[in-house]
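If you're wondering where the values come from, they're calculated on a predicted model, not measured in any experiment.
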There are 2 protein chains.
Amino acid sequence: MTARTPSRTLGESVRDIPEATVARLPVYLRALNTLAEAGTRTCSSEELATAAGVNSAKLRKDLSYLGSYGTRGVGYDVDYLRYQIAREIGVTQDWPVVIVGIGNLGHALANYSGFRSRGFRVVALLDADHSRHGEVVAGVDVRAFDDLEEIVSTHGVAIGVIAAPAAAAQDVADRMVACGITSILNFAPSVISVPDGVDVRKVDLSIELQILAYHEQRKAQLS
Amino acid sequence: MTARTPSRTLGESVRDIPEATVARLPVYLRALNTLAEAGTRTCSSEELATAAGVNSAKLRKDLSYLGSYGTRGVGYDVDYLRYQIAREIGVTQDWPVVIVGIGNLGHALANYSGFRSRGFRVVALLDADHSRHGEVVAGVDVRAFDDLEEIVSTHGVAIGVIAAPAAAAQDVADRMVACGITSILNFAPSVISVPDGVDVRKVDLSIELQILAYHEQRKAQLS
DNA sequence: AAGAGTTTGTGAACGGGGGCACAAAACGAG
DNA sequence: CTCGTTTTGTGCCCCCGTTCACAAACTCTT
Ligand SMILES: NC(=O)c1ccc[n+]([C@@H]2O[C@H](COP(=O)([O-])OP(=O)(O)OC[C@H]3O[C@@H](n4cnc5c(N)ncnc54)[C@H](O)[C@@H]3O)[C@@H](O)[C@H]2O)c1
Ligand SMILES: NC(=O)c1ccc[n+]([C@@H]2O[C@H](COP(=O)([O-])OP(=O)(O)OC[C@H]3O[C@@H](n4cnc5c(N)ncnc54)[C@H](O)[C@@H]3O)[C@@H](O)[C@H]2O)c1
């Protein structure tokens with residue numbers, strides 16, 4: 001709780017939400033959306049926690065970082081809480097996104113409808129392979145990787161997705177950063193390094209399977 | 001996540017490796033493979049840590065849970081360490097895997113070569129949609145979801161991947177568990193519940209993007 | 001053989017996060 | 001208004017994981 005984020009110029013406005021909580025807020029949001037679709041107007045922390053698959057005390061503590069949006073003895077107003085979480089995460093606005101590497105995975109991502117429905121809009125699909133240019137995937141043209149800079153500045157893109165081979169990932173990341181992208185989601189199985197101020201999250205399928213394999217092997221050893 | 005495993009019947013054989021360490025071992029393994037391909041025979045914890053993108057003290061502590069495989073003043077033998085990690089994770093053997101839901105994502109996964117190269121073999125592709133049956137993806141037939149039980153028992157499948165819609169995920173998981181699958185990798189954006197002894201890991205693209213959006217919004221608020 | 005230089009393995013301190021349990025707050029009934 | 005019921009918000013404690021820092025162990029040189 002000391003040196004973190006040294007000077008903050010604006011009042012005390014920007015609250016500090018624990019990383020673990022940030023990672024769960026989208027889960028709560030999804031659960032609330034499901035409840036709202038089912039016509040539920042109000043819910044207790046217990047109900048919401050069950051729907052989200054977490055402990056109710058943890059849920060309440062998480063929500064308390066956003067403010068005091070519940071009513072004791074009653075619970076939470078589903079729509080109100082939904083809005084508050086969406087605002088906190090930043091998905092009340094639309095985020096333009098570019099995807100680089102339109103192979104097997106890139107196609108699947110481009111066709112994924114869950115993007116748009118959660119506040120993300122794919123504004124460009126880029127690939128280094130000339131033979132792919134001009135192809136239309138999910139209504140978007142596949143364009144040359146060199147168009148990155150123009151697209152980023154035109155649309156004000158802050159988030160980039162890497163679905164290129166591991167060998168190209170660092171290069172792609174460097175180019176993204178040079179264009180002004182400050183958040184990267186990396187699907188390539190490689191460690192990429194970026195300057196301070198740029199966030200990288202990685203999704204690594206093989207690692208997930210290997211973790212499962214480890215536990216599986218362990219179960220087998222116990223018998 | 002995993003059941004607590006209270007009593008341990010066998011001697012003291014099965015070491016307890018922290019979950020956080022387990023999640024990093026595959027990263028180390030990948031870095032070692034890259035080093036080996038480059039002809040490196042030996043490496044220090046500092047080098048390996050850099051390649052893996054972690055702190056060297058953390059790397060050494062992680063490796064120390066496996067045993068004492070380094071040489072002070074020298075470092076680690078790349079091939080030897082590679083084997084030890086692979087053995088510990090359980091990827092010296094081949095793990096048969098089934099994928100359920102062969103839509104956009106399922107196709108990409110089935111075509112992913114990173115599977116086989118890391119000790120996982122896709123033995124079946126299953127889909128509830130009859131019109132997809134008989135299609136061949138990456139050399140494997142798409143078959144009826146009802147064939148699950150037969151396939152699992154024939155091949156001794158322990159690991160299942162869910163790439164079906166969120167609405168179907170819980171059903172698919174239940175069927176998997178009923179057939180004897182004890183590890184599930186879930187790509188559907190829904191919370192699934194399983195009995196003790198079954199491990200579930202989820203990969204949720206939208207959540208990753210929302211986490212990035214949160215930080216992106218925060219960066220914007222600071223200016 | 002001894003000393004200088006390297007690098008591992010780990011004890012110890014620290015910080016974040018999880019969960020219990022309870023006081024505070026809202027609400028309804030009488 | 002008062003009492004009983006419900007449910008939130010949070011203080012407190014404990015555990016896990018991270019990092020520092022150093023002694024132990026090994027190599028190489030002289
Ligand atoms: N397919 C999967 O299910 C899957 C799963 C997990 C991870 N991944 C990873 O995702 C990445 C993509 O996988 P894939 O199966 O789609 O591979 P792919 O070979 O089908 O597609 C890669 C695409 O990237 C393009 N590309 C290559 N170099 C590029 C560059 N420098 N700039 C821009 N584009 C470039 C290629 O032209 C190709 O279209 C890989 O790193 C892979 O390891 C894939
Ligand atoms: N496409 C992506 O990039 C992406 C990314 C992240 C998450 N996801 C998630 O992965 C899942 C699959 O996405 P998709 O884009 O491939 O969807 P999709 O609609 O293209 O494919 C879903 C497939 O599942 C099959 N299916 C439906 N019900 C089934 C059942 N009960 N049993 C077996 N199979 C069944 C359908 O016939 C279809 O072939 C979804 O839950 C989606 O939210 C997709």
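Atom CG of Leu66(B) and atom P of dT8(C) are 15 Å apart (whole Å). Spacing between atom CG of Asp62(B) and atom P of dT10(C) amounts to 13 Å, rounded to whole angstrom units. Regarding Leu63(A), its CG atom lies at a distance of 13 Å from the C1' atom of dT10(D), rounded to whole Å. The CG atom of Asp16(B) sits 15 Å away from the P atom of dC15(D) (whole-angstrom rounding).
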Can you run through DNA chain D from 5' to 3' and write each base as (, ), [, ], | or . depending on how it pairs? Watson-Crick or G-U wobble, both distances under 3.5 Å. ||||||||||||||||||||||||||||||
Summarise how protein sits on nucleotides 25-30 of chain C as a single string, 5' to 3': B when a protein heavy atom is under 4.0 Å from the base, S for sugar-phosphate-only contact, - for no contact. BSS---
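Arg60(B) is linked by a salt bridge (Lys or Arg N to Asp or Glu O under 4.0 Å) to nothing, counting only residues two or more places apart in sequence or in another chain. For Tyr65(A), there are no ring pair (Phe, Tyr, Trp, His ring centres under 6.0 Å) partners, not counting sequence neighbours. By the salt bridge (Lys or Arg N to Asp or Glu O under 4.0 Å) test, Asp171(B) is found to be paired with no residue, residues two or more places apart in sequence or in another chain being considered. The salt bridge (Lys or Arg N to Asp or Glu O under 4.0 Å) test applied to Asp79(B) returns Arg82(B), not counting sequence neighbours. Remark: Arg30(B) pairs with Asp204(A) by the side chain to side chain donor-acceptor pair (under 3.5 Å) rule, at least two apart or across chains.
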Assess the residue pair Ile207(B) and Lys202(B) against the criterion (side chain to side chain contact (heavy atoms under 4.5 Å, CB included)); give the C-alpha distance rounded to whole Å, side-chain angles, the decisive distance to 0.1 Å, and a yes or no. CA-CA 11 Å; Ile207(B) 288 182; Lys202(B) 73 164 188 223; 4.3 Å; yes
Working for side chain to side chain contact (heavy atoms under 4.5 Å, CB included), residues Lys219(B) and Asp199(A): CA-CA 10 Å; Lys219(B) 290 176 203 164; Asp199(A) 285 311; 3.3 Å; yes
Side chain to side chain contact (heavy atoms under 4.5 Å, CB included) between Leu81(A) and Leu48(A), worked out: CA-CA 11 Å; Leu81(A) 186 57; Leu48(A) 185 53; 4.0 Å; yes
Please evaluate residues Leu25(B) and Leu66(B) with respect to the criterion side chain to side chain contact (heavy atoms under 4.5 Å, CB included), reporting the C-alpha separation (whole Å), side-chain torsions for both, the decisive distance (0.1 Å), and the verdict. CA-CA 10 Å; Leu25(B) 290 178; Leu66(B) 312 191; 4.1 Å; yes
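Gln170(B) places a side-chain N or O within 3.5 Å of a backbone atom of Ser193(B) that can act as its donor or acceptor partner. Glu47(A) contributes a side-chain N or O that, together with a main-chain N or O of Ser44(A), makes up a donor-acceptor pair within less than 3.5 Å.
Proximity of residues 22-36 of chain A to DNA chain D (heavy atom under 4.0 angstrom from any strand atom) is not detected for any residue. A heavy atom lying under 4.0 Å from DNA chain D marks the following residues of residues 39-59 of chain B, by number: Asn55(B), Ala57(B), Lys58(B).
With dT8(D), dG18(C), dG9(C) as the candidates, the nucleotide lying closest to the side chain of Tyr76(B) is dG9(C).
At a threshold of 4.0 angstrom between heavy atoms, the contacts of Tyr65(A) with the nucleic acid are absent. Residue Ser68(A) is classed as a sugar-phosphate contact, given heavy-atom separations below 4.0 Å to backbone atoms only.
Residues Arg60(A) and Gly70(B) each lie close to DNA chain C; by heavy-atom proximity, the contact nearer the 5' end of the strand is made by Gly70(B).
Rounded to the nearest 0.5 Å, atoms OG (Ser113(A)) and CZ (Arg118(A)) are 8.0 Å apart.
Heavy atoms of other residues, nucleotides or ligands lying less than 6.0 angstrom from CD of Glu19(A) number more than 12.
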Protein-nucleic acid N or O pairs under 3.5 Å, nucleotides 12-14 of chain D:
from: dC12(D); atom 1: N4; to: Lys61(A); atom 2: NZ; distance (Å): 3.2

Less than 3.5 Å apart, which donor and acceptor atoms pair up between the side chains of residues 87-96 of chain A and the rest of the protein, not counting sequence neighbours?
from: Arg87(A); atom 1: NE; to: Gln84(A); atom 2: OE1; distance (Å): 3.3
from: Arg87(A); atom 1: NH2; to: Gln84(A); atom 2: OE1; distance (Å): 2.6
from: Asp94(A); atom 1: OD2; to: Arg121(A); atom 2: NE; distance (Å): 3.0
from: Trp95(A); atom 1: NE1; to: Gly90(A); atom 2: O; distance (Å): 2.6

Would you be so kind as to tabulate the donor-acceptor pairs closer than 3.5 Å made by side chains of residues 36-43 of chain A, with sequence neighbours excluded?
from: Thr40(A); atom 1: OG1; to: Leu35(A); atom 2: O; distance (Å): 3.4

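At least one side-chain heavy atom of Tyr28(A) sits less than 4.5 Å from a side-chain heavy atom of Leu63(A).
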